[in-house]
Amino acid sequence: MSIVNKIKPLIVKALQDIYGQQFQETDLTINLTKPEFEGDYTLVLFSFVKQLKKSPEQLGNEIGEYLIKNNPDLFSSFNVIKGFLNLVVTNNYWINFLQTSYTNKELGYQPANKHKVIVEYSSPNTNKPLHLGHLRNNFLGWSVAEILKTTGHTVYKTAIMNDRGIHICKSMVTWQLFGEDKTPESEGIKGDHFVGDYYVLFGQEHKKQAELLIADGMSKEEAEKNTPIMLAAQKMLLDWENGDPEVKALWQKMNGWVYEGFNETYKKIGSDFDKNYFESETYLLGKEFVEDGLKKGVFYKKEDGSVWIDLTADGLDEKIVQRKDGTSVYITQDLGLADKKFEEFKYDQSIYVIADEQNYHMKVLKLILQKLGKPYADGIYHLSYGMVELPSGRMKTREGTVVDADDMIEELKKVAREKTEELGKVKDFNPGELNELYDTIALGALKFFLLRVDPKKRMIFNPEESIDFHGFTGPFVQYTHARIKSILRKEQGTRYKVQEGTSGLLLKEKELIVLLEQYPITIEQALQEHNPSLLAIYAFNVAKTFNTFYTEHSVMNAESEEKKQLRLQMSELTANVIASAMGLMGIKVPERM
RNA sequence: GGCCCGGUAGUUCAAUGGAUAGAAUAGAAGUUUCCUAAACUUUAGAUACAAGUUCGAUUCUUGUCCGGGCUACCA
């Protein structure tokens with residue numbers, strides 16, 4: 001257990017014993033002590049002043065003395081400054097922690113519990129290749145799943161392939177018209193890109209045709225609905241729904257191309273799924289929900305036959321759940337899919353990794369399921385993340401302003417290669433090892449970049465500035481790891497126990513150990529908040545702190561053999577923690593770079 | 001119009017109501033006989049505006065201004 005979690009009950013007990021008042025651990029504010037003061041952890045005293053009717057100084061002194069008297073193994077001294085009680089933790093505690101942890105590669109892991117969690121992420125449309133926004137989604141979903149696993153949950157990863165609908169038909173119809181039987185193979189283009197090109201071409205063609213109609217006197221709105229190519233796409237959608245064998249065959253062929261491309265990209269970025277759902281197979285689900293809802297009086301039917309739910313009492317709007325022609329809408333499909341997923345996985349929690357533009361939709365989804373009394377409704381959690389934007393604004397496929405995922409990775413690999421060759425530190429690597437290293441660095445940079453920001457916030461991606469391997473980046477952390485490994489390779493002799501107490505801790509040594517000790521609570525916090533950026537920030541701080549420590553104090557040429565042992569242990573623990581934290585984000589760390 | 005987010009150094013991001021608002025990058029100045037300089041050190045620079053609650057507000061409340069999203073019998 002981490003030190004903060006040990007301190008809290010001790011203070012609660014102190015308050016009880018000294019003042020006879022009961023406080024909760026959540027009433028306490030405990031922070032890391034600011035570096036300019038003496039101490040490791042600080043209790044903020046102001047909040048007790050009113051209730052205990054004593055000055056902060058008096059409170060601080062009384063609590064401090066009590067803690068030291070009763071826990072001499074944990075606290076060595078204290079001081080009170082203004083309303084802050086600064087506690088100094090004993091060197092023994094830190095040295096003990098180090099010695100019991102430095103070989104533990106599962107630091108922060110929690111034992112298995114009974115909770116089953118399903119994480120739905122990625123969920124692409126099968127009419128165009130993945131872009132930067134998808135990558136944020138993929139990295140986030142994968143990382144959150146990994147954090148859940150580490151903390152003892154049973155996790156299933158799923159995706160829903162949006163493989164049907166008018167957008168798919170747009171690519172199909174355009175390929176039929178202009179494709180000349182070309183294939184990804186014949187053109188040497190990755191399948192998803194190949195299909196995506198026809199989707200873009202549709203947009204161009206549609207625009208051209210609309211302009212002709214407008215020139216003939218049609219209004220803009222009318223024209224956009226009635227271009228020949230748009231009408232063809234709509235007809236194709238109907239044919240698809242009616243099971244037209246030719247259309248279905250074309251659909252299968254083109255989706256097959258896309259999946260081939262997706263699989264290649266997924267493999268490269270390390271996304272994996274326990275189960276894929278396909279909208280083409282689930283879009284008719286949810287019909288029985290309409291019946292059920294009507295029976296329960298949750299839904300109501302309008303005169304024209306359409307079915308609605310009134311959510312105005314919950315501050316939302318009226319929402320349609322079935323069209324007057326009896327076909328279901330998006331939300332109804334999602335109701336059905338939620339049910340299906342529960343049937344198959346019996347989950348306790350179902351996390352949907354979906355962009356924040358769907359906040360309203362997800363709120364409605366959960367609310368409807370709750371109103372229908374579904375037992376799994378409360379376990380639904382929308383992990384809402386902000387969109388990735390360019391300095392010029394939102395990415396738009398039709399305007400060709402998207403940053404393509406595959407292109408981005410290749411670009412980063414190129415920079416990784418150039419930089420590596422320039423530095424010339426791994427000249428003995430064979431081509432296979434080099435390629436692996438470039439992958440590690442490029443994906444490390446990309447994943448770190450997209451995960452280091454709070455998921456809830458939208459982020460701006462500047463293509464020029466973002467390809468940076470310095471500072472708050474993945475490669476910076478990876479580099480620190482490689483340097484530590486280099487030291488450890490040179491000192492493979494047996495480690496031995498450092499004598500407790502006889503070894504004082506220098507400022508920089510202690511700073512690093514205190515930080516390393518916080519790894520488990522950092523994981524816990526990332527879990528609670530569904531927020532991998534905490535791990536990115538933490539890993540960066542560990543690397544930075546190690547670098548500072550390492551420039552000031554030699555490991556191999558330490559002042560004494562005991563110091564050398566201590567620092568070797570610190571180095572090993574740092575490397576393990578970095579590898580672990582990065583691993584939770586799906587980022588590999590190299591032995592050399 | 002209604003509802004929901006957001007506004008912090010030039011830029012990209014931090015900060016459970018707590019001490020002098022932290023980083024990174026760009027800028028300026030330095031560090032290589034010594035464990036990998038993809039590193040390190042020093043320096044300068046910010047809470048949109050106005051009220052309110054509080055011992056204390058970047059954080060909570062209200063208003064104003066500025067961005068973004070949602071508000072389809074599209075998905």
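Below, read A as the first sequence line, B as the second, and so on, with proteins coming before strands; counting in each chain starts at 1.
Checked by distance alone, T42(A) brings a side-chain donor or acceptor within 3.5 Å of a matching partner on the base of A19(B). A donor-acceptor contact under 3.5 Å is not formed by the side chain of N127(A) with the base of A75(B). Taking 3.5 Å as the limit, the base of C73(B) and the side chain of D304(A) contain a donor-acceptor pair of atoms between them.
Atom C1' of nucleotide U36(B) and atom CD of Q478(A) are separated by 15 Å, given to the nearest angstrom. Between the OH atom of Y538(A) and the P atom of A23(B) there is a distance of 18 Å, rounded to whole Å. Taking atom NE2 on H382(A) and atom C1' on C70(B), their separation rounds to 12 Å, with Å as the unit. Here the P atom of nucleotide A23(B) and the CG atom of N541(A) are 10 Å apart, to the nearest Å. Residue K50(A) contributes atom NZ, which lies 13 Å from atom C1' of G17(B) at whole-angstrom precision. Counting to the nearest Å, the C1' atom of G67(B) and the CD atom of E389(A) are 10 Å from each other. Rounded to an integer number of Å, the gap from Y360(A) OH to C5(B) P is 14 Å. Atom C1' of nucleotide G69(B) and atom CG of N359(A) are separated by 8 Å, given to the nearest angstrom.
Across all strands shown, A44(B) forms no Watson-Crick or G-U wobble pair with both key distances under 3.5 Å. When both pairing distances are held under 3.5 Å, C13(B) makes a Watson-Crick or G-U pair with G22(B). The base-pairing partner of U54(B), taking Watson-Crick or G-U wobble contacts with both distances under 3.5 Å, does not exist among the strands shown. With a 3.5 Å ceiling on both atom-pair distances, U8(B) lacks any Watson-Crick or G-U wobble partner. Within the shown strands, U71(B) is the pairing partner of G1(B) under the Watson-Crick or G-U definition, both distances less than 3.5 Å. Look at A39(B): its Watson-Crick or wobble partner, with both distances under 3.5 angstrom, is U31(B). Of all nucleotides present, only G63(B) satisfies the Watson-Crick or G-U wobble test against C49(B), with each distance under 3.5 Å.
Residue contacts shown for N86(A) include a base, since a base heavy atom lies under 4.0 Å away. In this structure, M459(A) reaches the sugar-phosphate backbone alone: every heavy-atom distance under 4.0 Å involves primed, P, OP1 or OP2 atoms, never a base. Among the atoms of the strands shown, only primed sugar atoms or phosphate atoms (P, OP1, OP2) are found under 4.0 Å from some heavy atom of F476(A). In this structure, K456(A) reaches neither bases nor backbone, as no heavy-atom distance under 4.0 Å exists between it and the strands shown. Looking at heavy-atom distances under 4.0 Å, T420(A) makes contact with a base. In this structure, I320(A) reaches the bases: a heavy-atom distance under 4.0 Å links it to at least one base atom across the strands shown. Counting non-hydrogen atoms under 4.0 angstrom, T551(A) reaches the backbone sugars and phosphates but no base. Here H553(A) lies in heavy-atom contact (under 4.0 Å) with a base. Heavy atoms of K490(A) sit under 4.0 angstrom from primed sugar atoms or phosphate atoms, though from no base atom.
A stacked arrangement is not assigned to F46(A) and the six-membered base ring of G56(B), the conditions of a centre distance below 5.5 Å and an interplanar angle below 30° not being jointly met. Taking the 5.5 Å centre cut-off and the 30° plane limit, the aromatic side chain of F84(A) is classed as stacked on A19(B). A stacked arrangement is assigned to Y550(A) and the six-membered base ring of C35(B), with a centre-to-centre distance below 5.5 Å and an interplanar angle below 30°. The aromatic ring of F37(A) stacks onto the base of A19(B), its centre lying under 5.5 Å from the centre of the six-membered base ring with the two planes under 30° apart.
On the C1' atoms, A24(B) is 15 Å away from C40(B), given to the nearest whole Å. When the C1' atom is compared between A44(B) and G2(B), the two are found 46 Å apart, to the nearest whole Å. With P as the reference atom, U58(B) and G7(B) are 14 Å apart, rounded to whole Å. Using C1' as the reference atom, A51(B) and C65(B) are 15 Å apart when rounded to the nearest Å. Here, U12(B) and A48(B) have their P atoms 15 Å apart, quoted to the whole Å. The gap from the C1' atom of G17(B) to that of U53(B) amounts to 11 Å, rounded to the nearest Å. Comparing the C1' positions of C60(B) and U47(B) gives an interatomic distance of 16 Å, to the nearest angstrom. For C4(B) and G63(B), the P atoms lie 11 Å apart once the distance is rounded to whole Å.
Salt bridge present: R394(A) and E357(A) bring a charged side-chain N and a carboxylate O closer than 4.0 Å. Under the 4.0 Å criterion applied to side-chain N and carboxylate O atoms, E436(A) and K588(A) are not assigned as salt-bridge partners. Classification of D325(A) and R323(A) as a salt-bridged pair fails, no side-chain N sitting under 4.0 Å from a carboxylate O.
Note that R452(A) lies in the cation-pi zone of F472(A), set by a 6.0 Å cut-off to the ring centre and a 45° limit from the axis. Relative to the ring axis of Y479(A), K419(A) does not place its NZ or CZ within 45° and under 6.0 Å from the centre.
Closest approach to the N547(A) side chain among U36(B), A39(B), A23(B) is made by A39(B) (side chain taken as heavy atoms from C-beta onward). The nucleotide whose nearest atom lies closest to any side-chain atom of R394(A) is, among A19(B), G69(B), C35(B), G69(B). Among C35(B), C40(B), C70(B), the nucleotide with an atom closest to any side-chain atom of V555(A) is C35(B). If you check U36(B), A24(B), G18(B) against the side chain of F472(A), the one that comes closest is A24(B). Comparing atom distances between the V453(A) side chain and each of U36(B), C13(B), U25(B) picks out C13(B) as nearest. Distances were taken from every side-chain heavy atom of E279(A) (C-beta onward) to each of C40(B), A75(B), C55(B); the shortest belongs to A75(B). With U25(B), U71(B), A19(B) as the candidates, the nucleotide lying closest to the side chain of H470(A) is U25(B). Picking from C74(B), C35(B), A37(B) the nucleotide with the shortest atom distance to the side chain of Y479(A) gives A37(B). Here G67(B) is the nucleotide among C13(B), G67(B), A14(B) with the atom lying nearest to any side-chain atom of R458(A). Checking A19(B), U36(B), U12(B) against every side-chain atom of R452(A), the shortest atom distance belongs to U12(B).
In this structure, Y538(A) and Y519(A) have parallel ring planes: the angle between them is below the 30° cut-off, well short of the 60° mark. Using a 30° and 60° split on the angle between ring planes, H553(A) and F549(A) fall in the tilted class, from 30° to 60°.
There is a side-chain donor-acceptor pair under 3.5 Å between N86(A) and T42(A).
Between K544(A) and the phosphate of A24(B), there is a side-chain N or O to OP1/OP2 separation shorter than 4.0 Å. For the OP1/OP2 pair of U36(B) and a distance below 4.0 Å, the side-chain nitrogens and oxygens of S486(A) include at least one atom meeting the criterion.
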Taking it one step at a time, do T480(A) and N547(A) satisfy side-chain hydrogen bond (donor to acceptor under 3.5 Å, both in side chains)? CA-CA 7 Å; T480(A) 304; N547(A) 285 340; 3.3 Å; yes
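Outside the 6.0 Å centre-distance limit, the rings of F448(A) and F476(A) are not counted as a close aromatic pair.
For U32(B), the O4'-C1' to base torsion is within 90° of 0; the nucleotide is therefore syn.
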